[in-house]
Amino acid sequence: MDGLAAIETLTGAGTVPTIIALTTFDLDEYLFGALQAGAAGFLLKDTDPRLLLDAVRAAHQGHGLIDPQVTRRLIHRFATLSPKPVTPAYDQLTAREREVLHHLAQGLSNAEIARELWIEEGTVKTHVNRILAKLRLRTRVHAVIYAHQHRL
């Protein structure tokens with residue numbers, strides 16, 4: 001079996017061992033796969049031996065260590081995948097306005113939102129205008145971006 005399957009097998013065996021993935025593959029898919037499978041650390045095989053010892057010590061103390069060569073990519077990927085916290089203004093939206101925002105984020109037109117929510121198209125326009133005002137956004141495109149950035 002490959003390393004990822006081995007990690008999954010070991011972490012699924014009851015007593016969870018501390019695993020440091022050591023690989024020649026400097027690819028995000030291996031990094032994320034190893035971490036998702038339960039590895040406590042991730043190092044490349046060409047890493048400095050002192051770093052390998054640091055990783056073993058860190059794992060023994062219950063910490064994790066990721067090879068500095070891949071850390072920047074990990075941070076960037078995490079930052080782009082993680083939702084931004086909603087702004088305090090979001091709490092000012094009514095339940096109906098949140099529904100409308102959800103439908104906006106799905107790309108629905110005012111007419112489609114009206115059909116979905118069983119309301120008049122003019123009412124949808126009013127809700128959209130209130131959403132824009134409360135969230136301090138200029139256009140419905142900005143509302144869609146807001147919804148996606150905040151994983152609403």
Side-chain angles (χ1 to χ4, degrees), residues 1-113 115-117 124 127-128 131-132 134-152:
M1 72 177 70
D2 67 12
L4 295 180
I7 294 170
E8 288 175 351
T9 300
L10 289 169
T11 57
T15 327
V16 181
T18 303
I19 299 169
I20 300 168
L22 188 62
T23 182
T24 58
F25 302 107
D26 184 9
L27 300 171
D28 289 348
E29 62 200 65
Y30 287 97
L31 168 65
F32 295 118
L35 296 176
Q36 288 170 337
F42 184 89
L43 297 174
L44 300 174
K45 284 188 178 178
D46 65 352
T47 193
D48 185 290
R50 290 174 293 197
L51 185 59
L52 178 59
L53 286 174
D54 289 344
V56 171
R57 288 184 185 108
H60 177 70
Q61 294 172 357
H63 305 294
L65 195 141
I66 296 174
D67 198 303
Q69 294 180 56
V70 296
T71 302
R72 172 168 248 154
R73 286 196 328 264
L74 176 66
I75 292 169
H76 175 73
R77 181 89 181 261
F78 177 79
T80 57
L81 292 177
S82 297
K84 294 180 179 180
V86 293
T87 60
Y90 179 77
D91 293 333
Q92 296 176 15
L93 298 180
T94 65
R96 180 60 91 181
E97 289 167 347
R98 290 177 186 191
E99 284 181 294
V100 170
L101 180 59
H102 173 76
H103 289 300
L104 279 176
Q106 293 178 327
L108 274 61
S109 68
N110 287 348
E112 292 169 324
I113 295 171
R115 281 193 298 275
E116 282 288 319
L117 299 179
V124 174
H127 287 308
V128 170
I131 291 166
L132 296 177
K134 288 178 181 179
L135 296 180
R136 295 184 166 169
L137 302 170
R138 290 189 315 232
T139 67
R140 64 188 291 130
V141 172
H142 290 112
V144 171
I145 292 169
Y146 178 93
H148 283 277
Q149 285 179 331
H150 299 88
R151 302 272 168 93
L152 301 175

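As a basis for the values below, the full set of heavy atoms in this structure was taken, side chains included, without hydrogen atoms, waters or symmetry mates. Positions are given from 1, in the same order as the sequence printed here.
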Of all heavy-atom pairs between Ile20 and Ala59, which one has the smallest distance, and what is that distance?
CD1-CB, 3.9 Å
Minimum heavy-atom separation for Arg140 to Leu108, with atom names?
NH2-O, 3.2 Å
Is any side-chain heavy atom of Pro68 closer than 4.5 Å to a side-chain heavy atom of Thr47?
no
Where is the tightest heavy-atom contact between Gly38 and Ile7, given as atom of each residue plus distance?
N-CG2, 4.0 Å
Interatomic spacing from OG1 in Thr87 to CD in Gln92 - rounded to 0.5 Å
8.5 Å
Roughly how far, to the nearest 0.5 Å, is the CG atom of Leu4 from the CZ atom of Phe25?
10.0 Å
Pair Asp46-Asp26, side-chain contact (heavy atoms from CB on, under 4.5 Å): steps then yes or no:
CA-CA 10 Å; Asp46 65 352; Asp26 184 9; over 6 Å; no
Separation of Ser109 OG from Glu116 CD (nearest 0.5 Å):
10.0 Å
Just how far is it from atom CD1 of Ile145 to atom NE2 of His150, taken to the nearest 0.5 Å?
11.5 Å
Side chain Asp67, main chain Leu44, donor-acceptor under 3.5 Å
yes
Side chain of Gln149, backbone of Tyr146: donor and acceptor closer than 3.5 Å?
no
Would you check if the side chain of His60 reaches a backbone N or O of Val56 as a donor-acceptor pair within less than 3.5 Å?
no
Is there a side-chain contact (heavy atoms from CB on, under 4.5 Å) between Leu152 and Leu101 once you walk through the steps?
CA-CA 8 Å; Leu152 301 175; Leu101 180 59; 3.9 Å; yes
Evaluate the side-chain contact (heavy atoms from CB on, under 4.5 Å) criterion for residues His142 and Leu132: first the C-alpha distance (whole Å), next the side-chain angles of each, then the deciding distance (0.1 Å), finally the verdict.
CA-CA 8 Å; His142 290 112; Leu132 296 177; 5.6 Å; no
If you look at every heavy atom in Ala40 and Thr18, which pair is closest and at what distance?
CB-CG2, 3.8 Å
Glu99 and His103: CA distance, side-chain angles, deciding distance, side chain to side chain donor-acceptor pair (under 3.5 Å) verdict:
CA-CA 6 Å; Glu99 284 181 294; His103 289 300; 5.7 Å; no
Is it the case that the side chain of Lys45 and the backbone of Thr24 share a donor-acceptor pair, with hydrogens and angles ignored and the cut-off at 3.5 Å?
no
For Ala37 and Glu8, the nearest pair of non-hydrogen atoms, with its separation, is CB-CG, 3.5 Å
To the nearest 0.5 Å, how far apart are CD in Gln106 and CD1 in Ile113?
9.0 Å
Do His127 side-chain atoms and Glu97 backbone N/O form a donor-acceptor pair below 3.5 Å?
no
Please report the interatomic distance CD(Gln69) to CG(Asp48), rounded to the nearest 0.5 Å.
10.5 Å
Under 6.0 Å from the ring centre and within 45 degrees of the ring axis: does the NZ or CZ of Arg98 meet both conditions for the six-membered ring of Tyr90?
yes
Report yes if some heavy atom in the side chain of Leu43 is under 4.5 Å from a heavy atom in the side chain of Thr23; otherwise report no.
no
